[in-house]
**Student:** 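Right, I'll just put the structure down here and ask away after.
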2 protein chains.
Amino acid sequence: MIASARERRHAARRDALADAAIETLQSLGYAHTSLRDIARRTGLSLGRLHYYFADRNALIGYCVRRYKARFIAAIEQAIGGATQPRVVAARVVAALAASIRDNAETHRLWYDIRGQAMFDPALVEVVDEVETALIAITTLVTGRLGLDRALALSIYLAMDGHYRYAMQRHLDGDAQIVLAFERLATEALARFLPDEVRMDHDAHV
Amino acid sequence: MIASARERRHAARRDALADAAIETLQSLGYAHTSLRDIARRTGLSLGRLHYYFADRNALIGYCVRRYKARFIAAIEQAIGGATQPRVVAARVVAALAASIRDNAETHRLWYDIRGQAMFDPALVEVVDEVETALIAITTLVTGRLGLDRALALSIYLAMDGHYRYAMQRHLDGDAQIVLAFERLATEALARFLPDEVRMDHDAHV
DNA sequence: GAAGATTCTGGACACTCGTCCAGAAACGGC
DNA sequence: GCCGTTTCTGGACGAGTGTCCAGAATCTTC
């Protein structure tokens, strides 16, 4: 189905609105962001928000999809064509560390919304989608590490745990945590490697 | 300082109020729980909530402390005096699985509040305290597993990741996830064990 | 340029919220 | 029993909220 020019422009304006809205969301979080906050901070009218999105959750869900898609694209780009396990691992860890250092305020939003999905059925679908995509990129990484892809979920969960913790402590002002994250995350990945690869890996860490 | 009888009764009423309030919190989550909701659902007056707690965050923080203290006590009890790594691991995993199966709705609250702490400085202190206590119990488990206690943080983060995921999927209606959690969490613990212990451990799993 | 469609605005509706507080009710010590 | 203290209530204050929608403004097509 070819979109008309008008539909394309409509979609572009919708995207631009979401991109403007996300600043407010990441700053205030789900609980404390009202549509009026978004309107006020973006200079857009309250009515316009309602024109482009059915309701508050629709806007929030759309924002989260867009930002996580960009995050996943950045991880993919960081990996590039790397196929050596230790290069892949180093690149993933470095990309995650950089995202904490440079964008912790943005990334905390995912943990907020993911938590809210446990209380609000309207958020379940987008959260499941995003988490599925995160597990998928982890599956790609798992393959590149030369591991059985059945390990992807466990790798995702271990890395996610480390990421969230580091990000939260970074937000709390811990100046050493990103460096600690790099070490701990690298070790966490190494734990999944077979012994002979792991010994080789450790020798280079 | 010996509390007077009146002070003790005051504290007991404060605790009872918090215990009544937590039902509402765990049901509605941070974002959607108002003090009026709590008053309405507990049959207490709005003014009483304000009499016993300075503000909304004080009440919420107090509720979370109480419930997490109970959770940690339950884990400690489940471990008991076990000293054999595979018994310790099995008991921890079983206790975590049971808590998902029986109390997922309660436990989602921790993830909610922990996420909110990234946006609201007023919650940072209680969240740090609780997370420190969780890491402490994990340190005890780490010792019982015969491992270097420096691994406790990584073990905590890996287990936490698995726990949150399983709980969330359980809440979403996944009927197999608690069983899958038991397997994955056991594997995750095993990954920390030295090879000779791990091979022994794997033989019993 | 007119007409129809789309985009946008800002007012209104019907609530809700956290906090404050005066005064009633209950308690406890002398 | 009195009085001072504590506990509790429910009304009020001064906001704020998501949603709706009539009508103005703009765009596009013929």
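In what follows, every chain begins at residue 1, and chains take the letters A, B, ... in the order their sequences are listed.
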**Student:** Separation of Y52(A) atom OH from dT19(D) atom C1', in whole Å?
**Tutor:**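 Spelled out: OH on Y52(A) to C1' on dT19(D) is 19 Å.
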**Student:** State which of dT7(C), dC8(C), dC17(C) makes the closest approach to the side chain of S45(A).
**Tutor:**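 Nucleotide nearest to S45(A)'s side chain: dC8(C).
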**Student:** In this structure, how many angstroms lie between the P atom of dC15(C) and the CZ atom of R40(B), rounded?
**Tutor:**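 Nearest whole value for this atom pair: 13 Å.
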**Student:** When only distance counts, do a donor and an acceptor, one from the side chain of R36(B) and one from the base of dG18(C), lie under 3.5 Å apart?
**Tutor:**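 Yes, a donor-acceptor pair under 3.5 Å.
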**Student:** Would you mind reading off the distance between R8(A) atom CZ and dC27(D) atom C1', rounded to a whole angstrom?
**Tutor:**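 Those two atoms, CZ and C1', are 16 Å apart.
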**Student:** Please give, in whole Å, the distance from dC17(C) P to Y30(B) OH?
**Tutor:**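 Y30(B) atom OH is separated from dC17(C) atom P by 14 Å.
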**Student:** What is the distance from CG of D55(B) to P of dC17(C), rounded to the nearest Å?
**Tutor:**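 From D55(B) CG to dC17(C) P: 16 Å.
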**Student:** Does a nitrogen or oxygen in the side chain of S34(A) sit under 4.0 Å from OP1 or OP2 of dT17(D)?
**Tutor:**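 It does, given that an N or O in the side chain of S34(A) lies less than 4.0 Å from OP1 or OP2 of dT17(D).
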**Student:** Tell me what R56(A) touches on the nucleic acid: a base, only sugar-phosphate, or nothing, going by heavy atoms under 4.0 Å.
**Tutor:**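 Sugar-phosphate, no base atom in range.
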**Student:** Checking all strands, does L44(B) fall into the base, sugar-phosphate, or nothing category for heavy-atom contacts under 4.0 angstrom?
**Tutor:**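 No contact.
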**Student:** Donor-acceptor pair under 3.5 Å: do we get one between R6(B)'s side chain and the base of dG28(C)?
**Tutor:**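 No, the side chain and the base share no sub-3.5 Å donor-acceptor pair.
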**Student:** Find out whether the Lys NZ or Arg CZ of R56(A) is both under 6.0 angstrom from the six-membered ring centre of Y30(A) and within 45° of the ring's axis.
**Tutor:**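 Yes, R56(A) lies over the aromatic ring of Y30(A).
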**Student:** Starting at atom CG of L17(B), determine the distance to atom C1' of dC8(D), rounded to an integer number of angstrom.
**Tutor:**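 These atoms are roughly 12 Å apart.
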**Student:** Expressed in angstrom and rounded to an integer, what is the separation of L35(A) atom CG from dC20(D) atom P?
**Tutor:**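 Spelled out: CG on L35(A) to P on dC20(D) is 12 Å.
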**Student:** Distance check needed: dG16(D) C1' versus L46(A) CG, whole Å only.
**Tutor:**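 Atom CG in L46(A) sits about 12 Å away from atom C1' in dG16(D).
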**Student:** Is the ring pair Y163(A)/F71(A) parallel, tilted or perpendicular, if the boundaries are 30 and 60 degrees?
**Tutor:**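 The arrangement is tilted - the two ring planes meet at 30° to 60°.
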**Student:** Less than 6.0 angstrom from the centroid, inside 45 degrees of the normal: does R13(B) satisfy that with respect to the ring of Y52(B)?
**Tutor:**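 No, a cation-pi geometry is absent between R13(B) and Y52(B).
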**Student:** Would you please confirm or rule out a distance under 4.0 Å between OP1 or OP2 of dT7(C) and any side-chain N or O of H10(A)?
**Tutor:**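 Yes, because at least one side-chain N or O of H10(A) sits under 4.0 Å from OP1 or OP2 of dT7(C).
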**Student:** Using the six-membered ring wherever Trp is involved, compare the ring planes of Y67(A) and H107(A) and label them parallel, tilted or perpendicular (cut-offs 30° and 60°).
**Tutor:**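 Geometry flag for H107(A) against Y67(A): tilted rings.
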**Student:** OP1 or OP2 of dT6(C) less than 4.0 angstrom from a side-chain nitrogen or oxygen of R13(A), does that happen here?
**Tutor:**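 Result: no.
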**Student:** Base, sugar-phosphate, or nothing: which does D37(A) touch, judged by heavy atoms less than 4.0 Å apart?
**Tutor:**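 Answer is sugar-phosphate: D37(A) comes under 4.0 Å of backbone atoms only.
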**Student:** Can you see if the side chain of Y51(A) gets near the phosphate of dC8(C) - specifically, an N or O under 4.0 Å from OP1 or OP2?
**Tutor:**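 Indeed not, no polar side-chain atom of Y51(A) lies that close.
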**Student:** Would you say a side-chain N or O of R9(B) is under 4.0 Å from OP1 or OP2 of dG28(C)?
**Tutor:**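 Indeed, a polar side-chain atom of R9(B) lies that close.
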